[in-house]
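Accompanying notes for the structure given below.
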Amino acid sequence: MDLTLTGLAFSAAPGEAAGVALNGKREAWLAAGRGFLEDPKKPKAVHDEKVARLALAAAGIELGGVVHDTALYSYLLQPTTAKHALEDVAVRRLSLRLSGSVAEKADFVGRLAGLLRPEVEGQELVTVFEAIEQPLAAVLAEMEQTGVRLDPRALEEMSAEFDKEIDALTRRTYQLAGVEFNLNSPKQLGEILYEKLQLPLPRRRGKTQAASTAADVLEELAELHELPARVLEYRELAKLKSTYIDVLPAKIHPRTGRLHTSFHQTGTATGRLSSSDPNLQNIPIRTELGNRIRAAFVAEPGWQLLGADYSQIELRVLAHLSDDPVLVEAFQRGEDIHARTAQEVLGVPPLGQTGEHRRVAKMINFGIIYGLTAYGLARRLGIEPAEAQRYIDAYFRRYAGVKEFREQLLEEVRGMGYARTLFGRRRPIPEIGSRNANQRNFAERTALNSPLQGTAADLIKLAMIEIHRRLRQEGLRTRMLLQVHDELLFEGPETEAGRATELVKAAMERVQLPGGVRLKVPLVVGTGLGPNWAALK
DNA sequence: CTGGAAAGCGCC
DNA sequence: AAAGGGCGCTTTCCAG
């Protein structure tokens with residue numbers, strides 16, 4: 001089909017998806033497709049630009065022919081703005097409101113493409129758009145449509161079991177409090193802890209100065225009284241039950257029998273994806289009970305799940321961007337980075353290191369990525385701020401390249417007003433020049449973190465595009481299911497698991513930066529196969 | 001009854 | 001004055 005597409009819009013009736021393509025003469029074609037997924041919770045409409053792409057494909061319009069995407073343009077230009085649906089962008093950029101007709105949408109898309117494309121070009125965002133976001137959209141659409149299999153019976157069993165335990169913990173807590181109250185209410189719990197039981201009031205936190213009952217506070221109070229200990233147990237169970245155990249089975253699609261998340265490509269300030277309805281990027285893994293929920297994500301009979309994750313990707317990006325000799329050398333030699341930091345900062349040679357040394361070093365490494373303060377590190381390590389400050393000073397002495405990088409980066413962001421990833425993706429940080437120290441400190445943490453988190457996001461997105469292409473090229477049936485920031489989940493026939501593993505690992509390790517740039521440090525990828533998501537060892 | 005803010009917490 | 005970056009979901013609580 002000979003179309004010069006200059007835009008994409010979307011509109012949908014129940015069970016139907018429609019794509020609108022627009023050419024240079026502002027004539028619109030409507031391509032409708034039936035049989036796309038309906039959201040059982042929202043039977044009204046599909047309403048998603050990725051589905052519109054599939055509708056176009058169904059009508060024989062090549063996805064490769066699409067050259068503009070106004071939602072993605074708008075996002076790349078203003079990633080800290082929340083909404084990029086056509087309605088929102090039209091109001092923001094054209095001061096025009098949609099009346100609803102498909103032809104009007106097509107018209108607006110055309111006008112917006114003409115307005116936004118030159119801005120994208122002027123801000124050197126074309127590479128990010130063409131090499132990353134545009135090709136990624138179709139990959140995400142396919143992942144959403146594929147969905148992931150969930151064993152609802154496993155969760156139903158857990159539901160009954162959790163009910164019993166939650167009930168027992170509730171009764172025990174009431175007994176310890178000497179009164180019944182709403183355990184889900186931090187306000188009521190605070191009254192019990194700090195008034196009735198006279199437990200020591202923690203430092204007031206947050207803008208409301210409410211008496212905190214957060215987990216780290218309760219952990220300390222648990223040394224003094226049984227009640228906070230039981231509340232912590234109650235909270236873990238209640239959280240898992242209300243957020244996952246009771247919700248996920250209800251979201252299994254009646255026609256596919258699988259769970260279909262939505263991946264949002266225009267939802268984060270840094271370039272990461274997000275996931276919702278349900279969010280499959282926050283499935284529990286940390287605790288024993290949580291891991292049982294993860295184990296309910298399973299492969300079809302005769303198939304296996306394949307997991308692949310980047311190891312320490314943000315620290316590797318930091319090594320590349322900063323060119324710090326110690327950090328680069330450590331990664332080039334394949335060292336355990338937390339052990340190396342323990343050696344550099346705590347002065348303990350690898351063979352003399354205890355678990356505690358490593359825990360502290362790990363906290364410091366993570367803290368660096370997030371722009372830690374002495375106070376924050378002290379609170380997390382349970383030490384004095386002065387001691388934490390000595391660690392931070394020691395870190396920047398030993399990793400002088402990181403210190404230098406941070407200073408140059410802040411200087412650049414002050415001058416430009418935005419931070420950039422290795423690929424040129426931007427994040428505006430206007431508060432970097434604020435006279436309010438609070439705002440400015442926050443901005444400086446953002447300025448350091450955004451290029452690290454954002455470059456890591458760029459890298460895995462590139463890997464996803466390449467993996468999708470190669471799986472297809474090799475004729476494999478293995479399909480991509482989920483992305484969880486530095487991890488990918490696949491499902492495929494057992495018979496091709498070996499080939500798929502090699503393909504995925506190779507693509508992730510050899511991910512090519514636009515312009516043929518190579519990272520100064522290797523990208524290390526771990527893989528695992530198993531019948532369920534918790535068993536990918 | 002609905003919407004939104006807050007608190008809290010799941011993940012990377 | 002706050003005190004580590006990025007998300008989404010649940011519950012409570014309160015205002016309209």
Side-chain angles (χ1 to χ4, degrees), chain A residues 79-80 82 181-190 203-218 231-232 234-248 251 261-264 267-287 289-291 293-294 309-314 318 363-381 385 388-389 392 419 427 429 436-454 456-457 460 482-488 533:
Chain A
T80 48
F181 64 103
N182 187 344
L183 252 177
N184 290 320
S185 166
K187 191 169 162 227
Q188 293 181 37
L189 175 61
R203 296 284 295 246
R204 299 273 168 168
R205 300 207 298 231
K207 56 179 293 212
T208 61
Q209 296 290 295
S212 172
T213 71
D216 57 333
V217 171
L218 296 190
V231 172
L232 283 167
Y234 169 87
R235 285 221 180 126
E236 184 190 356
L237 295 174
K239 173 83 174 180
L240 295 178
K241 184 162 189 293
S242 69
T243 308
Y244 307 100
I245 294 175
D246 289 346
V247 173
L248 294 179
K251 301 229 175 199
T261 186
S262 294
F263 284 110
H264 305 284
T268 71
T270 55
R272 273 190 176 182
L273 300 177
S274 72
S275 156
S276 72
D277 305 305
N279 180 356
L280 296 186
Q281 289 183 323
N282 73 344
I283 299 305
I285 188 172
R286 192 170 41 84
T287 66
L289 291 172
N291 215 29
I293 293 170
R294 184 165 287 228
D309 67 296
Y310 279 120
S311 160
Q312 309 292 354
I313 189 162
E314 290 182 3
L318 175 62
M363 200 80 82
I364 294 171
N365 278 335
F366 273 108
I368 291 297
I369 294 170
Y370 298 145
L372 86 177
T373 64
Y375 181 93
L377 182 62
R379 211 165 54 78
R380 283 171 178 73
L381 290 176
Q389 188 60 55
I392 294 172
R427 171 177 184 174
I429 309 178
N436 178 320
N438 229 339
Q439 277 192 23
R440 194 174 58 249
N441 288 337
F442 192 81
E444 289 179 353
R445 292 196 290 273
T446 303
L448 177 63
N449 177 263
S450 296
L452 307 180
Q453 189 182 119
I460 195 157
L482 300 176
Q483 186 248 48
V484 191
H485 310 305
D486 64 3
E487 173 192 4
L488 297 174
W533 198 6

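Note that these values count all heavy atoms, side chains included, but never hydrogens, waters or copies made by symmetry. Being a predicted model, the structure only gives us computed values, none of them experimental. All chains are named by letter (A, B, ...) in the order of the sequence lines, taking the proteins before the strands, and each is independently numbered beginning at 1.
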Q.
Distance criterion of 3.5 Å, no angle test: do you see the side chain of A:Arg445 paired donor-to-acceptor with the base of C:dG5?
A. no
Q) Roughly, in whole Å, what's the span from CG in A:Leu289 to P in B:dC9? A) 16 Å
(Q) Can you tell me the base-pairing partner of B:dC9? Count Watson-Crick or G-U wobble geometry only, both distances below 3.5 Å, and say none if there is no partner. (A) C:dG8
Q. So which nucleotide from B:dC12, C:dT10, C:dC9 ends up closest to the side chain of A:Val247?
A. C:dT10
Q.
Counting the atoms with a prime plus P, OP1 and OP2 as sugar-phosphate, which does A:Asn438 contact under 4.0 Å by heavy atoms, base, sugar-phosphate, or nothing?
A. base
(Q) Of the listed nucleotides (B:dC12, C:dC7, C:dC9), which one gets closest to any side-chain atom of A:Thr243? (A) C:dC9
Q: Could you please name the option among B:dA7, B:dC12, C:dG8 that lies closest to any side-chain atom of A:Arg272?
A: B:dC12
Q. Got a donor-acceptor pair under 3.5 Å from the side chain of A:Arg286 to the base of B:dC11?
A. no
Q. Using a cut-off of 4.0 Å on non-hydrogen atoms, how would the nucleic acid contact of A:Arg427 be classed: base, sugar-phosphate, or nothing?
A. sugar-phosphate
(Q) I'd like to check A:Leu248 versus A:Ile283 (side-chain heavy atoms, cut-off strictly below 4.5 Å). Are they in contact? (A) yes
Q: In whole angstrom, give the distance that lies between atom NE2 of A:His485 and atom C1' of B:dG10.
A: 11 Å
Q. Does A:Asn282 make a side-chain donor-acceptor contact with the base of B:dG10, cut-off 3.5 Å?
A. yes
Q: Could you work out which one of C:dG8, C:dT10, B:dC11 sits closest to the side chain of A:Lys239?
A: C:dG8
(Q) Please determine whether a side-chain nitrogen or oxygen atom of A:Ser185 lies at a distance below 4.0 Å from atom OP1 or OP2 of C:dC13. (A) yes
Q) Can you tell me how far C1' in C:dA1 sits from the matching atom in B:dG8, rounded to whole Å? A) 22 Å
**Q.** Rounded distance (Å) that lies between atom C1' of C:dT11 and atom NZ of A:Lys187
**A.** 14 Å
Q | Sugar-phosphate, base or nothing in reach of A:Phe442, heavy atoms under 4.0 Å | A | sugar-phosphate
Q | Identified pairing partner of B:dC1, criterion: Watson-Crick or G-U wobble below 3.5 Å | A | C:dG16
Q: Compare all side-chain heavy atoms of A:Phe263 with those of A:Leu482 and state whether any distance is below 4.5 angstrom.
A: yes
Q) Does the side chain of A:Leu273 come within less than 4.5 Å of A:Thr268's, by heavy atoms? A) no
Q | Distance, rounded to the nearest Å, where A:Asn184 contributes CG and C:dT12 contributes P | A | 5 Å
Q: For residues A:Thr373 and A:Arg445, determine if any side-chain heavy atom of one lies less than 4.5 Å from a side-chain heavy atom of the other.
A: yes
Q. Which of the following nucleotides, C:dT11, B:dG8, B:dG10, is nearest to the side chain of A:Leu240?
A. B:dG10
Q.
What is the separation between atom CG on A:Asn441 and atom C1' on C:dG5, rounded to the nearest whole Å?
A. 14 Å
Q | Selection from C:dT10, C:dG5, C:dG8 that lies nearest to any side-chain heavy atom of A:Ser274 | A | C:dG8
Q. Which value, rounded to the nearest 0.5 Å, describes the distance between A:Leu280 atom CG and A:Gln483 atom CD?
A. 12.0 Å
Q. How long is the line joining CG of A:Leu448 and P of C:dG5, in whole Å?
A. 11 Å
Q. Within this structure, what is the CD-to-C1' distance between A:Gln188 and B:dA6, rounded to whole angstrom?
A. 15 Å
Q. Under 4.0 angstrom, heavy atoms only, what part of the nucleic acid is A:Ala215 near: base, sugar-phosphate, or nothing?
A. sugar-phosphate
Q.
Considering every strand and a 4.0 Å limit on heavy-atom distances, what is the contact class for A:Ile285: base, sugar-phosphate, or nothing?
A. sugar-phosphate
(Q) Less than 4.0 angstrom between a side-chain N/O of A:Ser276 and OP1 or OP2 of C:dC7, yes or no? (A) no
Q) Just how far, in rounded Å, is C1' of B:dG8 from NZ of A:Lys241? A) 19 Å
**Q.** Short side-chain N/O contact from A:Thr373 to OP1 or OP2 of C:dA2, under 4.0 Å
**A.** no
Q) Just how far is it from atom NZ of A:Lys239 to atom CD1 of A:Ile245, taken to the nearest 0.5 Å? A) 13.0 Å
Q) Is A:Asn365 close to A:Gln312 at the side-chain level, that is, under 4.5 Å between some pair of heavy atoms? A) no
Q. Can you tell me how far C1' in B:dA5 sits from the matching atom in C:dA3, rounded to whole Å?
A. 22 Å
Q) Can you tell me how far NE2 of A:His485 sits from OG1 of A:Thr270, rounded to the nearest 0.5 angstrom? A) 9.0 Å
Q: Pick base, sugar-phosphate or nothing for A:Leu452, based on heavy-atom distances below 4.0 Å to the nucleic acid.
A: nothing
Q.
At less than 4.0 Å, is any side-chain N or O atom of A:Asn182 found next to OP1 or OP2 of C:dT12? Yes or no.
A. yes
**Q.** First encountered from the 5' end of DNA chain C, between A:Phe366 and A:Pro278
**A.** A:Phe366
Q. Which part of the nucleic acid does A:Ser450 contact within heavy-atom distance under 4.0 Å: base, sugar-phosphate only, or nothing?
A. nothing
Q.
Categorize A:Ala269 for me: base, sugar-phosphate, or nothing, with a 4.0 angstrom heavy-atom threshold over every strand shown.
A. sugar-phosphate
